[in-house]
2 protein chains.
Amino acid sequence: MESGPAIETTTPSARQQAVLDAVLGLMVEAGDQLTMDAVARRASCSKETLYKWFRDRDGLLTATVQWQASRVRAGRFEARALDVATLSESLRDFATTWLEVISSSASIALNRIAIGDAASRKSNLGSIVLANGRFAIGDRLKPLLEAGREAGLLAFDDSETAFRTFFGLVGRDVQIRLLLGDAIDFDAATIRRDAASAVEQFLALYGQPQRQQLPLR
Amino acid sequence: MESGPAIETTTPSARQQAVLDAVLGLMVEAGDQLTMDAVARRASCSKETLYKWFRDRDGLLTATVQWQASRVRAGRFEARALDVATLSESLRDFATTWLEVISSSASIALNRIAIGDAASRKSNLGSIVLANGRFAIGDRLKPLLEAGREAGLLAFDDSETAFRTFFGLVGRDVQIRLLLGDAIDFDAATIRRDAASAVEQFLALYGQPQRQQLPLR
DNA sequence: TAAGAGCCGAACCGTACGGTACGGTACGGC
DNA sequence: GCCGTACCGTACCGTACGGTTCGGCTCTTA
């Protein structure tokens, strides 16, 4: 279960995407009763079609996870002239996006399903979610961190460790609380504020003092 | 869903405790097939007894969660003379204990059940787990943080915020990865090392410089 | 317009599981 | 010795759900 590239598969047809969206909608609204009957009813298709297209329930869930993952891909980092302002700006973007993702009802529902699935070792939704979530963002963020180190803005030995610290500072207790059903009000303003302070803390830990630059804040 | 004191209930009889331990064992070994039949078989009791004692499946799960929580209570903080050494020592203890808990197979199984349960709004295992996990440790740690501030060792406005940072630095991506089935090898040495570096980072962020004390590290 | 593919809707099957009922046994009080 | 209580083991019931089958509709292609 190493990082690895996000799993790539044949993109589903438009009709199939509609079905997968129905699954997502159902997950969000009623995470339990996610039955094949309910999916068929909601997507206005027959169960036969579901089984033909996705083999079985597991295949449907897997396809749904990958479908959702495929649309979360956002804001890959572009290497460019890096100063401390653009670096922390980029970090803030990452943190904001990440918090928005993990607090979205789709992500919560998906992670719940995958975690429930990880209990029974039948399928591997868990690893798919991990690959497209935690590890995908790690793969996207680490180049930025290393560019920051290259530019003398950051100091760390291991980018993986640095990333995990960043992950912790940003996520804190949010994900576990949401997964367990705690109703945090997590509006856009809060997210932006939390992201900014996480980045500030991260830079306090890993930032390299800029000598010729002017004083503290 | 506020912090609140850990829920207290009548302690189960010895025989009932044996049943609850059977549930825990079953959760750990085969988190899925946690059926009433399996519990009865494993505990060598009849289903009728299970239903008499615990009302229904939810009651059994709830009792199990509380039973497990009741034995995790450990190392409450004792107010005493506080210098930077004893403070960071205590923080390391907290962090170590916490990492041990969340990486234990019992905790993983329990959280998986509670998360799966939080999806269907039928029961409130999620809030019970939260109250006895994340919030219980918060309630135990905050007095220590405030004592540290009192002693001039720490600087923060809101102990809740400070705690959440601590929580993130310690936990990082560990819990979500374990819940999703990632097989991290998380032995005692790793835990101790991770706990120590988390505390070091926390003190770097919230520690108050000690004037009369001698130099950097 | 005939043949066929693709799909919908509904009926159906087998099984697993939550919950109940009941017969049988051990034990403590009278 | 007899009764009540508590419990075990097992059979049983109802239902929910994954998966299959089938009749019929629509649309394409020739």
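Just so it is clear, the structure is predicted and the values come from calculations on it, not from any experiment.
Here A:Arg192 does not pair with A:Glu100 in a salt bridge; the nearest charged N to carboxylate O distance is not below 4.0 Å. Between A:Glu29 and A:Arg42, at least one side-chain nitrogen of the basic residue sits less than 4.0 Å from a carboxylate oxygen of the acidic one, meeting the salt-bridge criterion.
Between the CG atom of A:Asp117 and the P atom of D:dG18 there is a distance of 13 Å, rounded to whole Å. Following rounding to the nearest Å, A:Leu50 (CG) and D:dG18 (P) show an atom-to-atom distance of 11 Å. Atom-to-atom, CZ of A:Phe54 to C1' of D:dG18 comes out at 16 Å; the value is rounded to the nearest Å. Atom CG of B:Leu34 and atom P of C:dG19 are 12 Å apart (whole Å).
For the OP1/OP2 pair of D:dC7 and a distance below 4.0 Å, the side-chain nitrogens and oxygens of B:Trp53 include at least one atom meeting the criterion. One finds a side-chain N or O of A:Thr49 lying less than 4.0 angstrom from the OP1 or OP2 phosphate oxygen of C:dC8.
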Heavy-atom contacts, protein to nucleotides 19-26 of chain D, under 4.0 Å, summarised as B (base), S (sugar-phosphate only) or - (none) per nt, yield BBBB----

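The environment of CG in A:Asp157 is sparse: at most 12 heavy-atom neighbours from other residues, nucleotides or ligands sit within 6.0 Å.
When heavy atoms are screened at a 4.0 angstrom cut-off, B:Arg41 is found touching no nucleic acid atom at all.
For A:Gln33 and B:Ala43, each mapped to the nucleotide of DNA chain D holding its nearest heavy atom, the one lying further toward the 5' end belongs to B:Ala43.
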* Start with the C-alpha gap between B:Thr96 and B:Asp93, add the side-chain angles, then the distance that decides, and say whether side-chain hydrogen bond (donor to acceptor under 3.5 Å, both in side chains) holds. => CA-CA 5 Å; B:Thr96 305; B:Asp93 281 353; 5.4 Å; no

Please walk me through it: do A:Tyr206 and B:Gln201 pass side-chain hydrogen bond (donor to acceptor under 3.5 Å, both in side chains)? CA-CA 10 Å; A:Tyr206 288 96; B:Gln201 290 179 322; 3.2 Å; yes

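Using the six-membered ring where Trp is involved, A:Phe167 and A:Trp98 have ring planes that are tilted, between 30° and 60° apart.
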